[in-house]
Peer 1: 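Quick one: the structure is below, questions incoming.
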Amino acid sequence: MKLVKLLAAALTLSLASSSWAAAAPDAVQVKAAQDLMASMQAEKMMRTTASNSRYANEAQRKAVFDKLDKVAPAQIYQRLAAPVARLVSTETATEMTRFYNSSYGQKVLKQKYNGGPGMLGAQLPTPTAAEKKELKRPQYVKASKELAAAEPAIEHESFVLLSAIMKK
């Protein structure tokens, strides 16, 4: 399973780098990605990345979390924005920001970051009829698929940022 994820991440990175290599993201793309990171509560994603990392001992693990706690969430959003803007389109970032700011999106995030039954592929919260209708919108379906494809690369960028924060 890890090999499949690794191959998917490599493919996503290669596709993203080849399709975006010609043009660096503009200010609108970066702002949309920054808004997406804020709506996804990327500071919690960083804590998940830190939790999934291996440490020589508990003291080193504690030092990583202490350092991470000192970084403002806005700084995390800003530092992840440019790499994420290369991975997802402005339309996807805008649509997924809209989703994660909705009540159902907040439930999904809460389940994702707080563990419990929502982790490791378990079922998502049950949407209401109105939320189901929103989840069937073509813009959301397209954006959700694009974000899911970019997810391994975004997780990699999270790890790169965590490594940079630890070097300070």
Side-chain angles (χ1 to χ4, degrees), residues 4-50 52 71-162:
V4 173
K5 284 186 177 182
L6 181 63
L7 290 174
L11 178 63
T12 302
L13 285 173
S14 67
L15 291 175
S17 63
S18 65
S19 64
W20 292 94
D26 63 19
V28 173
Q29 288 173 303
V30 172
K31 175 66 173 133
Q34 187 171 348
D35 292 345
L36 175 61
M37 293 295 93
S39 70
M40 288 178 69
Q41 303 170 14
E43 71 278 9
K44 293 179 181 175
M45 179 175 62
M46 294 292 295
R47 290 187 64 76
T48 300
T49 300
N52 292 335
V71 179
Q75 185 181 6
I76 291 171
Y77 310 149
Q78 181 183 15
R79 291 176 73 177
L80 283 173
V84 171
R86 289 185 201 98
L87 299 170
V88 297
S89 68
T90 304
E91 295 79 21
T92 293
T94 303
E95 182 62 30
M96 294 310 293
T97 298
R98 179 180 181 274
F99 168 74
Y100 286 120
N101 285 329
S102 72
S103 63
Y104 182 70
Q106 292 294 307
K107 290 177 202 172
V108 169
L109 287 175
K110 183 177 180 182
Q111 193 165 3
K112 178 179 180 179
Y113 294 134
N114 292 331
M119 291 193 70
L120 303 175
Q123 271 192 316
L124 294 173
T126 305
T128 65
E131 291 166 343
K132 284 181 185 178
K133 184 177 177 183
E134 283 293 312
L135 294 175
K136 291 180 182 177
R137 292 177 46 251
Q139 301 92 330
Y140 170 78
V141 172
K142 180 182 177 204
S144 177
K145 286 180 183 175
E146 184 179 337
L147 185 63
E151 191 74 29
I154 293 171
E155 289 172 1
H156 172 75
E157 292 300 334
S158 172
F159 180 77
V160 169
L161 177 56
L162 180 65

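Hydrogens, waters and symmetry mates play no part in the numbers below; they use all other heavy atoms, side chains included.
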Peer 1: Just by distance, no angles: are the side chains of Ser103 and Glu131 close enough, under 3.5 Å, to form a donor-acceptor pair?
Peer 2: yes
Peer 1: Please report the closest heavy-atom contact between Ser89 and Glu146, naming both atoms and the distance.
Peer 2: N-OE2, 2.7 Å
Peer 1: Are any side-chain N or O atoms of Tyr104 and backbone N or O atoms of Pro125, one a donor and one an acceptor, separated by less than 3.5 Å?
Peer 2: yes
Peer 1: Donor-acceptor pair, distance only, cut-off 3.5 Å: does the side chain of Gln29 make one with the backbone of Asp26?
Peer 2: yes
Peer 1: I want to check something: taking the side chain as every heavy atom from C-beta on, are Tyr100 and Leu36 in contact at a cut-off of under 4.5 Å?
Peer 2: yes
Peer 1: side-chain contact (heavy atoms from CB on, under 4.5 Å) between Glu157 and Leu87: does it pass, once the steps are laid out?
Peer 2: CA-CA 10 Å; Glu157 292 300 334; Leu87 299 170; 4.3 Å; yes
Peer 1: Which heavy atom of Ala85 sits nearest a heavy atom of Pro25, and at what distance?
Peer 2: CB-CB, 3.6 Å
Peer 1: Which pair of non-hydrogen atoms, one from Ser39 and one from Leu109, has the smallest distance, and what is that distance?
Peer 2: O-CD1, 3.1 Å
Peer 1: Give me the atom names and distance for the closest heavy-atom approach of Met46 to Ser158.
Peer 2: SD-OG, 3.2 Å
Peer 1: Quick one: sort the Phe99 and Tyr140 rings into parallel, tilted or perpendicular, breaks at 30° and 60°.
Peer 2: tilted
Peer 1: How many angstroms lie between CG in Leu161 and CD in Gln78, if you round to the nearest 0.5 Å?
Peer 2: 11.0 Å
Peer 1: Going from NZ on Lys107 to OG1 on Thr126, what distance comes out if it is rounded to the nearest 0.5 angstrom?
Peer 2: 8.5 Å
Peer 1: Kindly say whether Thr48 contributes a backbone atom to a donor-acceptor pair with the side chain of Tyr113 at under 3.5 angstrom?
Peer 2: no
Peer 1: Checking Lys142 now: which residues fulfil side chain to side chain donor-acceptor pair (under 3.5 Å) with it, not counting sequence neighbours?
Peer 2: none
Peer 1: Restricting to non-hydrogen atoms, name the atom on Ala42 and the atom on Tyr77 that form the minimum distance, rounded to 0.1 Å.
Peer 2: N-CE2, 3.7 Å
Peer 1: Provide the closest heavy-atom pair for Thr97 versus Asp35 in the form atom of the first, atom of the second, distance.
Peer 2: OG1-C, 3.6 Å
Peer 1: Go through the steps to decide whether Lys110 and Lys44 satisfy the test side-chain contact (heavy atoms from CB on, under 4.5 Å), and finish with yes or no.
Peer 2: CA-CA 10 Å; Lys110 183 177 180 182; Lys44 293 179 181 175; over 6 Å; no
Peer 1: Do Glu134 and Arg98 have side chains that get closer than 4.5 Å, going by heavy atoms?
Peer 2: yes
Peer 1: What I'd like to find out is whether the side chain of Met37 reaches to under 4.5 Å of the side chain of Met45, using heavy atoms alone.
Peer 2: yes
